Each structure stands twice: as structure tokens, then as C-alpha cells.
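As C-alpha cells, the structure follows; a few thoughts come after it.
Note that the numbering runs from 1 along the sequence shown for the chain. From a predicted model like this one, the values you see are computed outputs, not experimental measurements.
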Amino acid sequence: MLIHGGDAYTPDGLIHEAAVLVEGEEIVAVGLEAQIRSIGVFDVEVDAHGGVIAPGFIDLQVNGAGGRFLTEDPTVEAVQEMARTVARYGCTSFLPTVITSSFDTMLSAIRAVHEASGRATNGARVLSVHLEGPFINPQASGVHNTAFIRPPSLEDLDIFWEASGGGIKLMTLAPEMPGAGELIRVAKGYGIAVSVGHTRADYPQMMEAVAAGAGLATHLFNAMGGLTARDPGATGAVLASPDFMASLIADGYHVHPAMMELALRTKGPGGLVLVTDAMPPMGTDLTEFSLYGETITARDGACFMADGTLAGSLLTMDKAVRNMRDLVETPVEDALRMASFNPASVIGESGARGALEIGKAADIVVMDSDLNVATTIVGGRVVYQAGEA
């Protein structure tokens with residue numbers, strides 16, 4: 001496969017009139033189209049038509065999409081529909097996210113993700129699971145049902161780990177809860193990336209979490225303590241410490257553009273990870289869905305409980321990239337990095353994907369000049385083409 005006719009964003013910089021050569025599931029050459037065409041004839045060609053060729057997006061937080069909600073519908077079929085839906089927006093791999101719920105429901109959802117990760121989806125890759133809860137702070141629960149929140153437990157982690165087939169990629173917890181420090185250390189030993197979130201931790205507790213092995217903050221500014229002059233809190237710790245990366249829901253609603261700019265100024269383009277925190281209406285015209293037996297309403301670009309509590313987003317990864325470009329004037333190459341290489345780095349996947357580089361997976365998104373998705377390629381295979389059913 002030859003992907004050509006556009007500007008390619010690579011680790012070595014922007015290449016105009018570029019081409020990417022794919023053999024099997026891997027990238028084997030990246031460079032000027034004229035040079036790569038001299039190699040020979042290609043069985044399949046994808047024309048970027050003067051647009052953008054970029055590494056596929058990697059979303060670390062997808063609760064639901066395409067009308068399916070993993071925590072409410074913990075099945076392989078739900079995960080596969082989510083995978084097909086997110087691929088329409090340039091996402092080539094993702095972590096289906098299990099939120100705090102009954103222990104049995106969480107186990108069923110984890111098992112469904114594990115099973116789906118071994119199957120073809122005709123969409124984005126399922127890289128295994130993001131466990132968002134149940135080890136969070138009830139005082140920062142957000143949409144999570146406090147009845148199902150559990151204290152940090154090594155026994156629970158072992159059960160979750162076994163259910164995932166040893167494949168949990170990311171876990172969000174509140175570091176101030178008793179036993180969290182030990183849990184972070186054990187999770188890191190398993191190879192799980194640990195993120196702090198749904199927390200009321202103070203600055204010293206956040207620094208203890210870093211020392212134990214935490215390296216990410218889940219949806220910066222949301223469900224975490226703010227900062228004041230003498231109490232930096234969780235937010236201040238994340239902004240001030242180079243040891244924390246931070247995920248950001250860049251929809252302009254969960255985080256005001258001024259705060260998005262503050263995050264970018266303090267963390268830099270290498271310290272932010274774009275996520276969607278998507279819910280079932282993403283990619284559909286749904287206006288309502290159910291969570292814990294309560295009706296959640298989708299409106300104004302976000303999802304809300306009856307009392308007005310935010311309950312996830314309708315954001316897509318391509319829109320998040322455009323928002324970073326448009327709302328805070330982020331250079332395109334930096335916005336793309338936040339959607340591809342940075343998330344890959346967080347979960348230990350940067351050696352395999354997240355950049356247009358020889359030897360990396362041929363997970364590629366082709367966009368027009370305004371960053372609207374035209375083609376999504378996963379493992380060297382076209383899984384989405386704009387305008388086709």
C-alpha cells in the first residue's frame with residue numbers, strides 16, 4: 001500500500017508531497033513521494049489529495065460510542081461497535097474504559113475487552129482496558145456511583161488482572177485513599193500505567209503518588225481539587241510537576257479554552273494527552289442513554305445527569321485535535337502528537353505505534369487540509385473511507 005499526495009507529519013518533521021509505504025501491517029518507508037515511487041509498483045494506493053497524512057489517533061478513555069456503553073453492556077459486541085465508531089474519526093487504537101460499577105459488572109466488562117482485543121473489529125484496535133475506578137474518592141466521584149466505590153485492594157487488583165488476561169493498560173485511582181501507594185507500586189510492577197483522578201489529594205499526597213509510580217492525571221481539571229495560593233492541590237501538583245503527564249478533554253466545555261491554554265503552557269506539547277471520555281451518543285444522533293438506571297441527557301456537546309453533573313462527552317479525536325488548533329492556536333504537529341505519540345508513550349506502546357516511522361504499525365489517518373478524516377487505516381488495512389457505507 002502506498003499512501004501519498006499529502007503532507008506527512010513525522011518524528012523528523014513535516015514532509016511535503018510525501019508518501020508512506022506499507023507492507024503487511026508495518027510502515028516500511030516514509031519520505032518524498034517521488035523517491036518512494038521509484039521503488040516500484042504498488043497494489044493499493046490511497047491519495048491524500050493535498051491533505052494530511054498522520055499517525056492514527058490513540059484514545060485512552062472511551063466509555064461508549066456508536067450507541068453502546070461498555071459498563072452498561074459489558075459484551076464483546078459492544079466493544080466492537082465502539083471500535084468501528086471511533087475509527088470514523090481517525091482513531092486507530094483505543095482503551096475501552098470500565099467505570100466504577102458493581103464488581104461483577106466490572107469483571108464482565110474487563111473480560112469482554114480482553115476477548116475483543118483478540119478479534120478483528122473492522123475498526124480501531126482494542127489495546128485492552130482502562131480501569132477508571134473503583135478505587136477513587138467518593139468526594140470526587142463525578143458521575144461514578146459512590147455505592148460501588150471500593151478501597152484500594154491488592155486482592156481486587158489481582159482479580160481484575162486475571163480477568164483482563166494480564167492486559168490492563170491503564171488504571172485511574174485516587175492516591176489519597178488508604179492503601180493506594182502500595183497498589184500503585186504493585187500495578188506498576190504488572191506493567192499497568194497508573195493515573196490519578198477522581199481525587200481530592202493534596203500536594204504531598206500527589207508527590208507520594210509520583211514516587212510510587214503514577215505518571216498521568218485523568219481528565220485534568222475535572223474531578224480533582226483546584227489550586228490556591230497556599231494549597232496547590234491535585235491540579236497544582238499536575239501543572240507544576242514534570243513527572244505528571246495529563247489527559248485533557250479538549251471539547252471546550254469540560255475545560256474552558258483559557259484553562260486548555262494554561263495546561264499547554266505549563267505541561268508543553270509533550271505533557272498532554274488528548275482523550276474523548278466519549279459516551280454512547282458519540283457518532284450517533286442519540287440524545288439520551290441510561291447509567292445506573294438514571295437517564296443521562298446529551299446536549300450542548302456534553303452529557304449530563306439530571307442534577308447537571310457532567311457525565312462524559314460527545315467529543316471525537318479529530319475534533320479534539322481541531323479544537324487544540326482553533327481554540328488555543330496549537331501548531332498542528334503538536335496537536336497531532338497529543339493524539340498519537342503521547343498516549344502511546346503513556347501506556348508503553350510508543351515502540352509499536354504512534355508515529356509515522358519505519359517499523360511502526362501502519363495505523364494511519366488521512367485528513368483533508370482542515371483535518372477532517374478522509375481515510376482511517378489500521379494495520380495496513382482501510383477500515384474507514386469518508387463517503388462510503
Side-chain angles (χ1 to χ4, degrees), residues 1-59 84-93 122-125 269 274 316-326 330-344 350 352-389:
M1 174 186 287
L2 184 71
I3 306 154
H4 65 92
D7 292 339
Y9 286 86
T10 80
D12 296 322
L14 178 62
I15 302 175
H16 297 290
E17 299 180 359
V20 178
L21 179 59
V22 173
E23 289 184 3
E25 297 187 5
E26 288 190 355
I27 296 171
V28 297
V30 182
L32 292 171
E33 180 178 353
Q35 294 176 343
I36 293 180
R37 278 200 176 276
S38 67
I39 295 174
V41 179
F42 312 100
D43 55 349
V44 177
E45 295 194 17
V46 176
D47 192 343
H49 298 290
V52 169
I53 306 169
F57 306 141
I58 301 171
D59 193 346
R84 288 188 289 268
T85 302
V86 299
R88 288 158 40 195
Y89 305 99
C91 184
T92 55
S93 54
N122 199 33
R125 298 176 189 266
L274 299 181
T316 59
M317 285 297 283
D318 62 329
K319 180 63 173 174
V321 169
R322 292 194 298 274
N323 283 347
M324 291 303 296
R325 178 198 64 186
D326 298 339
T330 306
V332 170
E333 58 268 30
D334 290 343
L336 292 173
R337 176 182 179 179
M338 296 172 202
S340 54
F341 182 79
N342 290 0
S350 59
R353 67 195 83 254
L356 296 183
E357 197 169 21
I358 293 172
K360 298 286 176 68
D363 294 352
I364 299 166
V365 58
V366 178
M367 295 171 281
D368 66 19
S369 58
D370 197 37
L371 304 181
N372 298 295
V373 175
T375 308
T376 305
I377 299 164
V378 177
R381 186 169 65 90
V382 174
V383 297
Y384 171 74
Q385 182 71 51
E388 295 183 1

**Pair Ile58-Met317, side-chain contact (heavy atoms from CB on, under 4.5 Å): steps then yes or no** = CA-CA 8 Å; Ile58 301 171; Met317 285 297 283; over 6 Å; no
**Item:** Qualifying residues under side chain to side chain donor-acceptor pair (under 3.5 Å), relative to Asp363, sequence neighbours excluded
**Value:** Arg125, Arg353
So which heavy atom on [X] is nearest to which on [Y], and how close?
X: Ala87; Y: Gly123; result: CB-CA, 3.9 Å
X: Ala339; Y: Val321; result: CB-CG2, 3.7 Å
X: Val46; Y: Val366; result: CG1-CG2, 4.3 Å
X: Glu357; Y: Ile27; result: O-CB, 3.6 Å
X: Met338; Y: Asn342; result: CA-ND2, 3.7 Å
X: Ser340; Y: Gly56; result: CB-O, 3.5 Å

**Request:** State the CD-OG1 distance between Glu333 and Thr10, to the nearest 0.5 angstrom.
**Result:** 10.5 Å
**Asked** CG/Asp47 to NE2/His4 distance, rounded to the nearest 0.5 angstrom?
**Response**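 Answer for the CG-NE2 pair, Asp47 versus His4, is 4.5 Å.
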**Request:** With side-chain contact (heavy atoms from CB on, under 4.5 Å) as the test, would you mind laying out the steps for Met367 and Leu336 before giving the verdict?
**Result:** CA-CA 12 Å; Met367 295 171 281; Leu336 292 173; 4.0 Å; yes
**Message:** Are the side chains of Tyr9 and Arg337 in contact, using a 4.5 Å heavy-atom criterion?
**Reply:** no
**Message:** Are Leu371 and Val332 packed together at the side-chain level, in the sense that at least one heavy-atom pair is separated by less than 4.5 angstrom?
**Reply:** yes
**Prompt:** Can Ile39 and Leu21 be said to form a side-chain contact (heavy atoms from CB on, under 4.5 Å), step by step?
**Reply:** CA-CA 10 Å; Ile39 295 174; Leu21 179 59; 3.9 Å; yes
**Request:** Please step through side-chain contact (heavy atoms from CB on, under 4.5 Å) for the pair Thr92 and Ile364, ending with a clear verdict.
**Result:** CA-CA 7 Å; Thr92 55; Ile364 299 166; over 6 Å; no
**Request:** Sort out for me which residue in Thr375, Ile377, Thr376 forms a side chain to side chain contact (heavy atoms under 4.5 Å, CB included) with Gln385.
**Result:** Thr375
**Request:** Check whether any side-chain N or O of Asp370 sits under 3.5 Å from a backbone N or O of Asn372 as a donor-acceptor pair, and report yes or no.
**Result:**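 No, Asp370 side chain to Asn372 backbone: no donor-acceptor pair under 3.5 Å.
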**Message:** So for atom CD, which belongs to Glu17, do other residues, nucleotides or ligands contribute more than 12 heavy atoms lying within a distance under 6.0 Å?
**Reply:**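 Not buried by this count: 12 neighbours or fewer within 6.0 Å.
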**Request:** Answer yes or no: does atom CD of Glu45 have more than 12 heavy-atom neighbours from other residues, nucleotides or ligands under 6.0 Å?
**Result:**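 Yes, CD of Glu45 has more than 12 neighbouring heavy atoms, counting only those of other groups under 6.0 Å.
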**Asked** Salt bridge or not for Asp326 and Lys319, using N-O below 4.0 Å?
**Response**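 Salt bridge absent between Asp326 and Lys319.
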**Request:** Would you please test Thr316 and Asp318 for side-chain hydrogen bond (donor to acceptor under 3.5 Å, both in side chains) and show each step?
**Result:** CA-CA 6 Å; Thr316 59; Asp318 62 329; 2.6 Å; yes
